[in-house]
Amino acid sequence: MMALKSKKLFFVSLGICLGALLLTWHTPPTKAQTFNCLAINQVPPVECQALVTFFNSTNGLNWLNRTGWRVTTTPCSWEGISCLNGHITSISLYNNGLQGTLPAELGNLTYLNDLFLLSNQLSGAIPPQLGNLTNLETLSLANNQLSGEIPVALGNLTRLTNFSVSGNQLSGAIPAEFGNLTQLTELNFSTNNLSGNIPAIFGNLDKLKVVSLRSNAFSGNIPAEFGNLTKLTQLSLSNNKLSGYIPVDFGKLVNLNILDLADNQLSGPIPVELSNLINLNEIYLDRNQLSSHIPLELGNLNDLLLLSLNSNKLSGKIPIELSKLSNVTTIDLSDNQLSGEIPMELSQLPNLFVLSLRNNQLSGPIPPELWNRTTLTSLFLNSNQLTGTIPLELGNLINLKYLYLSNNNLSGNLPSEIGNLTNLTSLKINDNPQLNGPLPITIANLKNMQTFWFNNTALCEPDEAALLIWIYSHIYDVKSTKIKCSEVPTPTSTPTLTPTPTNTPTPTNTPTPTDTPTPTATPTATPQPLKTTITYTGGTIISNETDHSTTINFPMGAVTTDTQIIYAYRLPELLPPLPNGLKNAGRAFELTALQQGIAITKFNYPITLTVQYEANTIIPETIYLYWLSNTTWLTQGITLTQRTSNLLTSSSDHFTIFAVLGRSNWVYLPVIVK
């Protein structure tokens with residue numbers, strides 16, 4: 001019996017032991033059990049243990065790539081680890097999904113040259129023990145979620161050449177001890193919550209090539225000592241709270257390629273000394289409180305690609321010297337107090353893509369030459385005091401994507417050539433009350449258009465259902481006048497501004513041209529010039545000779561603003577010589593047009609001229625309306641629509657001297673005398 005109990009007890013004990021063994025086999029090992037650094041000899045155990053602690057502290061099991069970590073006994077082969085002479089010299093695990101905090105044990109890797117941990121999700125403070133890594137040359141912790149202050153101990157890293165903690169949540173001031181890092185070539189504190197003054201001792205770091213402190217809360221003046229950093233190629237201090245003047249010592253930074261001081265509270269003039277920076281490619285001084293004029297000397301920066309001075313208090317004229325910036329692609333002078341006219345010389349910039357002059361006090365017409373700068377992709381001239389019309393040459397800007405002309409005093413119509421701008425995505429011509437006429441149907445060519453504002457103008461929508469459907473269904477953002485062209489009033493009578501001729505009474509009824517020959521007579525006296533005003537809605541002019549021989553009809557939109565028309569009869573015998581074989585049919589006159597006292601030479605739409613003539617000795621089928629170009633009579637540009645025995649109807653789109661000419665029907669026979 002005792003033997004049986006002993007056997008049972010034996011088997012129970014054996015089962016318990018086996019169960020415990022199985023339980024132990026199935027239980028996942030704890031982190032402390034995963035790796036024994038004492039079992040390796042490739043690197044010192046203290047360095048191995050620093051790596052293991054780092055792995056555990058940054059959620060290593062969820063890294064994107066953790067090849068070899070805590071699996072092999074050769075840490076130098078682990079992902080991102082490099083060694084030399086039995087020591088760990090580099091950790092490179094950027095963008096690898098690291099989460100958690102940096103352990104103090106990293107300070108035990110005293111042979112480390114490079115620590116690349118950028119673009120992860122590291123949080124917490126930077127351990128001051130990193131100050132023990134006196135062999136460190138590169139420290140990059142950028143684009144993480146690190147917080148707290150920058151450890152003073154980092155000032156011990158006197159071999160450091162590259163330092164970047166940009167894109168974190170660090171706060172406090174930059175330790176003055178960073179002035180000890182005299183080997184630095186790149187220094188990047190950008191996009192944090194750092195504050196205080198920029199240490200003047202940075203002026204001692206004369207090997208620096210790149211400095212970026214942008215997007216923090218630094219205040220006070222920019223240290224003049226930055227002028228000592230003559231090897232600098234990039235300096236970015238933008239988006240801080242810096243105040244005071246731009247140091248004139250910046251004129252010493254002759255190797256500078258990029259100067260970015262935007263979004264601060266800097267005041268005073270732009271230093272002329274910046275013109276010494278002959279290698280400058282980009283200059284950002286926008287959104288400050290800079291005043292005075294734009295230095296003419298900036299035109300000497302031959303390598304400049306981008307000039308951004310917007311949102312300051314700059315005044316005076318735009319220097320024509322900027323036209324010497326032959327490599328510039330972008331000029332932004334918007335949101336200042338600049339005045340005067342836009343220099344036509346800017347159109348000579350062969351590589352100009354973006355020109356922004358909006359929200360200034362610029363006046364006068366838009367330079368015609370600017371419409372020939374076919375490289376332009378963006379033209380912002382809105383919110384000024386510009387006058388004149390939008391010319392046909394607008395259609396030359398075939399690469400344009402953005403055209404803003406709103407909030408000016410532009411007049412006239414929107415040329416149909418707008419349809420050539422097939423890359424256009426945004427067009428704003430709103431708040432120009434004198435812009436009028438129908439929208440050109442060629443707008444339907446602008447298949448890429450997303451924004452079209454023409455509200456607060458006199459532009460009207462034509463009765464083209466397909467066009468209107470396209471505008472309001474295809475274009476995402478439309479602001480219109482809601483004016484229908486069919487609702488725009490048309491003139492019901494001939495303008496009443498006709499003066500009374502001195503030699504003949506003014507008729508009270510307008511004769512209606514017909515196909516029936518009407519007796520005509522050459523006026524016996526030259527009447528005074530006839531002056532009247534035509535508006536956008538059009539009108540009719542009847543000549544003031546005795547027989548009222550000429551009627552001129554202006555269609556709606558032929559002129560886009562109030563235009564004074566002057567009709568003057570011309571005596572045929574006082575005209576320039578006619579070509580051989582041509583004879584005057586008794587009718588010649590001159591049309592002149594003035595807009596705001598300035599002569600114009602062309603209409604937007606052809607006008608119709610109906611002229612009575614004398615065909616006594618002229619072959620009827622040779623009779624045409626000619627116009628005078630200098631001393632040459634031409635028919636190009638004039639379309640014949642109707643010709644009867646002494647009535648000629650033609651259309652033309654320009655102002656000039658006109659005459660009805662034809663070939664004589666006289667035949668000269670030779671006389672033979674015997």
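Residue-environment remark: OH (Tyr111) stays at or below the threshold of 12 foreign heavy atoms within 6.0 Å. In this structure, Lys209 places its NZ atom where only 12 or fewer heavy-atom neighbours from other residues, nucleotides or ligands lie under 6.0 Å away.
In this structure a side-chain-to-backbone donor-acceptor pair under 3.5 Å is present from Asn36 to Leu38. Between the Asn96 side chain and the Asn65 main chain, a donor and an acceptor come within less than 3.5 Å of each other. Side-chain atoms of Glu47 come within 3.5 Å of backbone atoms of Ile88 as a donor-acceptor pair (strictly under, hydrogens ignored). The closest donor-acceptor contact from the side chain of Asp332 to the backbone of Ser308 lies at 3.5 Å or more, if one exists at all. Side-chain atoms of Asn132 never come within 3.5 Å of backbone atoms of Thr134 as a donor-acceptor pair (strictly under, hydrogens ignored). A distance-only check finds a donor-acceptor pair linking the side chain of Arg373 to the backbone of Ser347 [under 3.5 Å]. The backbone N or O of Leu309 lies less than 3.5 Å from a partner atom in the side chain of Asn336, making a donor-acceptor pair. Distance alone, capped at 3.5 Å, is enough to place a donor-acceptor pair between the Asn264 side chain and the Asn240 backbone. Judged purely by atom type and a 3.5 angstrom limit, Asp263 has no side-chain atom pairing as donor or acceptor with the backbone of Arg287. Within the 3.5 Å criterion, the main-chain N or O of Thr422 finds a donor-acceptor partner in the side chain of Asn448.
Side-chain contact of Lys241 with Gln265: a donor-acceptor pair under 3.5 Å is absent, judged by distance alone. Looking at Asn239 and Ser215, their side chains do bring a donor and an acceptor atom within 3.5 Å of each other. Side chain to side chain, Asp114 and Thr138 meet the donor-acceptor criterion of an N or O pair below 3.5 Å. Ser267 and Tyr245 share no side-chain donor-acceptor pair at under 3.5 Å. In this model, no donor atom of one side chain and acceptor atom of the other lie less than 3.5 Å apart for Asn144 and Asn120. The closest side-chain donor-acceptor pair between Asn56 and Arg70 falls under 3.5 angstrom. Side-chain polar atoms of Thr101 and Ser57 form a donor-acceptor pair below 3.5 angstrom. With 3.5 Å as the limit, one finds a donor-acceptor pair spanning the side chains of Thr72 and Thr74. Counting only N and O atoms by type, the side chains of Arg159 and Asn135 include a donor and acceptor under 3.5 Å apart.
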I'd like to know whether Asn193 forms a side chain to side chain donor-acceptor pair (under 3.5 Å) with Ser171, so could you lay out the CA-CA distance, the side-chain angles of the two residues, the decisive distance to 0.1 Å, and finally the verdict. CA-CA 5 Å; Asn193 300 315; Ser171 57; over 6 Å; no

Stepwise, does the side chain to side chain donor-acceptor pair (under 3.5 Å) test hold for Asn372 with Asn396? CA-CA 6 Å; Asn372 294 320; Asn396 296 336; 2.7 Å; yes

Is there a ring-ring contact (aromatic ring centres under 6.0 Å, His included) between Trp63 and Phe55 once you walk through the steps? CA-CA 9 Å; Trp63 288 0; Phe55 182 87; 4.9 Å; yes

Criterion side chain to side chain donor-acceptor pair (under 3.5 Å) on Asn359 and Asp335, from CA distance to verdict: CA-CA 5 Å; Asn359 199 20; Asp335 297 290; 2.6 Å; yes

Is there a side chain to side chain donor-acceptor pair (under 3.5 Å) between Ser238 and Asp260? Walk through the geometry before answering. CA-CA 6 Å; Ser238 61; Asp260 185 3; 3.2 Å; yes

Please report the C-alpha distance between Leu305 and Thr330 in whole Å, then the side-chain angles of each, then the deciding distance to 0.1 Å, and finally whether the side chain to side chain contact (heavy atoms under 4.5 Å, CB included) criterion is met. CA-CA 7 Å; Leu305 302 176; Thr330 301; over 6 Å; no

Assess the residue pair Leu307 and Leu322 against the criterion (side chain to side chain contact (heavy atoms under 4.5 Å, CB included)); give the C-alpha distance rounded to whole Å, side-chain angles, the decisive distance to 0.1 Å, and a yes or no. CA-CA 10 Å; Leu307 175 63; Leu322 297 185; 4.2 Å; yes

When you look at Ile283 and Leu304, which way does the side chain to side chain contact (heavy atoms under 4.5 Å, CB included) test go after all the steps? CA-CA 8 Å; Ile283 180 168; Leu304 199 65; 3.9 Å; yes

Using side chain to side chain contact (heavy atoms under 4.5 Å, CB included), reason through Asn351 and Thr375 one step at a time and then give a plain yes or no. CA-CA 6 Å; Asn351 297 297; Thr375 55; over 6 Å; no

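Phe189 approaches Asn192 most closely through the heavy-atom pair O-ND2, 3.1 Å. In plain terms, the two heavy atoms of Pro343 and Ile320 that are nearest each other are CB-CG2, 3.7 Å. Pairing each heavy atom of Val43 with each of Pro75, the nearest pair is CG2-CG, 4.1 Å. Residue Pro247 comes nearest to Ala224 through the heavy atom pair CB-CA, 4.2 Å, listed as atom of the first residue, atom of the second, then distance. In plain terms, the two heavy atoms of Leu139 and Leu160 that are nearest each other are N-CD1, 4.0 Å. Closest approach of Pro151 to Pro175, counting heavy atoms only: O-CG, 4.2 Å.
Within the 6.0 Å centre-distance limit, the rings of Trp78 and Phe35 are counted as a close aromatic pair.
Atoms CG and CG, on Asn204 and Asn228 in that order, are 7.5 Å from each other to the nearest 0.5 Å. How far CG of Leu213 is from OG1 of Thr191: 10.5 Å, rounded to the nearest 0.5 Å. In this structure, Lys207 NZ and Glu186 CD are separated by 14.5 Å, a value rounded to the nearest 0.5 Å. Rounded to the nearest 0.5 angstrom, Leu157 CG and Leu130 CG are separated by 8.0 Å. Here the CG-CG distance, from Asn62 to Asn59, works out to 4.0 Å after rounding to the nearest 0.5 Å. Residue Ser378 holds its OG atom at 8.5 Å from OH of Tyr404, rounded to the nearest 0.5 Å.
Side-chain atoms of Leu349 and Ile331, non-hydrogen and from C-beta on, do get closer than 4.5 Å to each other. At a threshold of 4.5 Å between non-hydrogen side-chain atoms, the residues Leu285 and Ile246 count as touching. In this structure, Thr451 and Trp453 have side chains that are in contact, with non-hydrogen atoms separated by less than 4.5 Å. Contact annotation: the side chain of Leu421 never approaches that of Asn423 to less than 4.5 Å [non-hydrogen atoms, C-beta and beyond]. In this structure, Phe452 and Tyr476 have side chains that are not in contact, with every pair of non-hydrogen atoms separated by 4.5 Å or more. Within the 4.5 Å cutoff, side-chain heavy atoms of Leu141 are placed close to those of Leu146. Residues Ile91 and Ile81 meet the side-chain proximity criterion, which asks for heavy atoms closer than 4.5 Å. Using a 4.5 Å heavy-atom threshold, the side chains of Leu405 and Phe380 count as separate.
Using the six-membered ring where Trp is involved, Phe178 and Phe163 have ring planes that are perpendicular, over 60° apart on the 30 and 60° scheme.
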